[in-house]
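See below for the structure under consideration.
Residue numbers begin at 1 in each chain, while the letters A, B, ... track the order of the sequences.
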There are 2 protein chains.
Amino acid sequence: MTAPSDARSRGTRLPRVRRRRQLLAAAQEIFVARGYHAAAMDEIAERAGVSKPVLYQHFPGKLELYLALLEEHSEALVEKQREALESTDDNRQRVIASFRAYFDFVAGDGEAFRLVFESDLRNLPAVREKSEQTFQRCAELIGEVIRQDTSISDEEAHLLSIGLVGMAETSARYWINTQGSVPKDAAELLVARLAWRGISGWDLHRGGEGQPTGQDS
Amino acid sequence: MTAPSDARSRGTRLPRVRRRRQLLAAAQEIFVARGYHAAAMDEIAERAGVSKPVLYQHFPGKLELYLALLEEHSEALVEKQREALESTDDNRQRVIASFRAYFDFVAGDGEAFRLVFESDLRNLPAVREKSEQTFQRCAELIGEVIRQDTSISDEEAHLLSIGLVGMAETSARYWINTQGSVPKDAAELLVARLAWRGISGWDLHRGGEGQPTGQDS
DNA sequence: CAGGTAACTTACGCAGGAGTAAGATGGCGG
DNA sequence: CCGCCATCTTACTCCTGCGTAAGTTACCTG
């Protein structure tokens, strides 16, 4: 568990690009495990089997190193979300795919989600903006879908989307932190069903265009 | 905005208990504005119109000072939540009250919610536990209500509760961060409605005990 | 009004960790 | 085989910010 990810090659010289990738991987492990503040550049270097100045030949400072990782994984999440929503035309399936995307994100890539969802650097404007922007972009993708099928205002649709994204993020994080109690598929479907029941046929009472037929399991 | 909350009394001696309360208030302002790491004990002392050692006569260290505040506001949230759920017997009203409690919490007490929801010290076990425990307790309160009215398993009910609490927290935070775009009442009701549509009559398809009558606006 | 004690101050020690000179090394083109 | 440049290392500097030692002032009690 504390085994160096790539110290097999202590003393080995690497071409620039390869080394950079390896440094990013080492940094991710440390940042994820300790958070930004408790992570020491010395430890990151050590984990990569390299001395500290090497780190500074690839990144101007600790902050930039962190931001590089944050950027990468934020984009990955938005991309996953976009793919999920484009994967089908059926809105119910869309909801399921969307939640699955969140659970996949949280389950994948060495717990990188902790950088995006649990950053201890949110007080830095640059980081706060990135986090919120990522969140907003995910919500906006969902918001568009909602707007297509309902007659509610843009602002309201956006607020609903925010709520749904929050639900997805929160439940996915809860699920990953309590691994073993609920299988992934079941958790995804359960929460997706909650969301779908919430939004489907939203404006029926306004004289909507057809009640969801109720088969939802 | 940067006006010292209580430096009117620079040079004034205060009885111990009064001073302690004032120090907590000053600390809250700084911690909320800067986060734990960027907050300096010097600045907290200055804000209170007092010199640093005074701080240390009341709290053993920065961490304990922070934990005192975290504890206080975490308990306040859980209490608000409990009151909301006890305020009525009608589950639909319960949902609304529950969301209102979150919005109230977020709107009140000098943005103290940032300590509970956005702490930059979550990597410290003591803080992580407190946060998660607060979250769990809120979810558990809701979970009990859900279990009373549905036949789903305890684990599933809990997961749903987690999702709902996440939705409440997220939408409340979004609302407070974009003050002015949506009135509080409208936001609360909108999201509460989303949640209520999601859970009400959950297990009808199993042969439940009566369909919700559909009047939900 | 004197003396004691709680409240408070100035001024410092000290540790941890980011970032940096200056020098060593190894492989590759000539 | 030799010199050159990219790669890497040791061994520092320096700053920030927590926590404290020692000394000072106001209030209160006898």
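Applying the 4.0 Å criterion to OP1 and OP2 of dA6(C), one finds that R19(B) has every side-chain N and O outside that range.
L67(A) has its side chain within reach of V127(A): a pair of non-hydrogen atoms, C-beta onward, lies under 4.5 Å apart. Two residues are said to be in side-chain contact when any heavy atoms from C-beta on lie closer than 4.5 Å; F59(A) and R20(A) meet this criterion.
Rounded to an integer number of Å, the gap from L55(A) CG to dT20(C) C1' is 13 Å. In this structure, CD of E43(A) is placed 14 Å from C1' of dG16(C), rounded to the nearest angstrom. The nearest whole Å value for the distance from the OH atom in Y66(A) to the C1' atom in dA18(C) is 17 Å. Following rounding to the nearest Å, I30(A) (CD1) and dG17(C) (P) show an atom-to-atom distance of 13 Å. One interatomic measurement links the two molecules: CG of L65(A) to P of dG19(C), which rounds to 10 Å at whole-angstrom precision. Atom CZ of R34(A) is separated from atom C1' of dG16(C) by 15 Å (rounded to the nearest Å). In this structure, the CG atom of L14(B) is 15 Å from the P atom of dA26(D), given to the nearest Å.
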message: Does D104(A) form a side chain to side chain contact (heavy atoms under 4.5 Å, CB included) with K184(A)? I'd like the steps, not just the answer.
response: CA-CA 9 Å; D104(A) 285 345; K184(A) 179 162 174 289; 2.6 Å; yes
E79(A) and R82(A): CA distance, side-chain angles, deciding distance, salt bridge (charged side-chain N to carboxylate O under 4.0 Å, His left out) verdict: CA-CA 5 Å; E79(A) 195 44 42; R82(A) 185 193 315 279; 3.5 Å; yes
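Looking only at distances, no side-chain donor or acceptor of R128(A) sits under 3.5 Å from a matching main-chain atom of N123(A). No side-chain donor-acceptor contact under 3.5 Å links K130(B) to the backbone of V116(B).
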Short heteroatom pairs, N/O only, protein and nucleotides 18-22 of chain D, under 3.5 Å:
unit_1  : atom_1 : unit_2 : atom_2 : d
dC18(D) : OP1    : A39(B) : O      : 3.2
dC18(D) : OP1    : K62(B) : NZ     : 3.2
dC18(D) : OP2    : M41(B) : N      : 3.0
dG19(D) : OP2    : Y56(B) : OH     : 3.0
dG19(D) : OP2    : K62(B) : N      : 2.9
dG19(D) : N7     : K52(B) : NZ     : 2.9
dG19(D) : O6     : K52(B) : NZ     : 2.6

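Ring planes of H158(B) and Y174(A): perpendicular class, angle over 60° (limits at 30 and 60°).
In summary, of the residues considered (F117(A), W175(A), F113(A)), a ring-ring contact (aromatic ring centres under 6.0 Å, His included) with F105(A) occurs for F117(A) alone.
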- line: Under a 4.0 Å heavy-atom criterion, the protein footprint on nucleotides 23-30 of chain C, written with B, S and -, is --BB----
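Contact record, S161(B) with G143(B): OG-CA, 3.1 Å, taken as the closest heavy-atom pair.
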